[in-house]
Amino acid sequence: MTDSTNFKKIWCMVKKIPSGRVSTYGEIARMSGLPRRARLVGTALRAAPAEFDLPWHRVINAQGKISFAIDSERFKQQKALLQEEGVVFRAGVIKLEDFAWKESCDELLWRV
DNA sequence: GCGCTGACCGCCA
DNA sequence: CTGGCGGCCAGCG
């Protein structure tokens, strides 16, 4: 359980966030069976190879804000991607709404 | 092995 | 609203 299994679970959950919606680090952690490990989600996204094409931009923090410095490239990129999907910012904040994925990560998990 | 650094979070002042 | 604190713990010197 110390290998990259956790990363895979996290990547799998992130991949399921629908376009135009967002989720939080903490939420992804919980849904991946890793409660209280929001930081690990950030670590996993940072380590994720670009080829995975994960919708990493759909993951924001629990305050509805992007977790990058306001003037960083990453910040601008994430904001742009979200706006392309129709995500609305009000004073730099995204309104968090509850929603649930229907799919699980079983298919990917047995591969791990 | 050890200390430091986070793409975090909830709680309280 | 902002700020601090403790909890969390994998990665990287």
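In what follows, chains are A, B, ... by sequence order, proteins preceding strands, each numbered from 1.
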**Request:** Would you mind pulling out the nucleotide paired to C:dC1, Watson-Crick or G-U wobble, both distances under 3.5 Å?
**Result:** none
**Asked** Any donor-acceptor pair under 3.5 Å linking the side chain of A:Ser32 with the backbone of A:Ile28?
**Response** yes
**Prompt:** What residues form a ring pair (Phe, Tyr, Trp, His ring centres under 6.0 Å) with A:Phe75, not counting sequence neighbours?
**Reply:** none
**Item:** Rounded distance in Å - CD (A:Gln77) to P (B:dA7)
**Value:** 15 Å
**Item:** Whole angstrom value for the distance that separates P of B:dC8 from CD1 of A:Ile10
**Value:** 13 Å
**Prompt:** Near DNA chain C, which residues from residues 50-63 of chain A have a heavy atom under 4.0 Å away?
**Reply:** none
**Request:** Would you please confirm or rule out a distance under 4.0 Å between OP1 or OP2 of B:dC8 and any side-chain N or O of A:Ser67?
**Result:** yes
**Request:** Return the value, rounded to whole Å, for the distance between atom CD1 of A:Ile70 and atom P of C:dT2.
**Result:** 12 Å
**Request:** Group every Ile, Leu, Val, Met, Phe, Trp and Tyr by side-chain heavy-atom contacts under 4.5 Å, then state whether A:Val22 and A:Phe99 land in the same group.
**Result:** yes
**Complete:** Partner of C:dA10 under the Watson-Crick or G-U wobble criteria, both distances under 3.5 Å, comes out as B:dT5
**Fill in**
Here the distance between atom P of B:dC8 and atom CZ of A:Arg46, to the nearest Å, is 10 Å
**Request:** Could you state whether A:Leu81 and A:Trp11 fall into the same hydrophobic cluster, counting links through intermediate Ile, Leu, Val, Met, Phe, Trp or Tyr residues with side-chain heavy atoms under 4.5 angstrom apart?
**Result:** yes
**Message:** Categorize A:Phe7 for me: base, sugar-phosphate, or nothing, with a 4.0 angstrom heavy-atom threshold over every strand shown.
**Reply:** sugar-phosphate
**Request:** Please determine if A:Arg21 and A:Glu85 form a salt bridge, counting it only when a charged side-chain N lies under 4.0 Å from a carboxylate O.
**Result:** no
**Message:** Whether A:Lys79 engages the ring of A:Phe89 as a cation-pi pair (distance to the six-membered ring centre under 6.0 angstrom, angle to the ring normal within 45°) should be assessed.
**Reply:** yes
**Message:** Any residue in residues 17-42 of chain A with a heavy atom nearer than 4.0 angstrom to DNA chain C? Just list them by number, or reply none.
**Reply:** A:Arg37, A:Arg39, A:Leu40
**Asked** Can you get from A:Leu82 to A:Ile70 by hopping between Ile, Leu, Val, Met, Phe, Trp and Tyr side chains that sit under 4.5 Å apart?
**Response** yes
**Asked** Which value, rounded to the nearest 0.5 Å, describes the distance between A:Arg36 atom CZ and A:Leu34 atom CG?
**Response** 11.0 Å
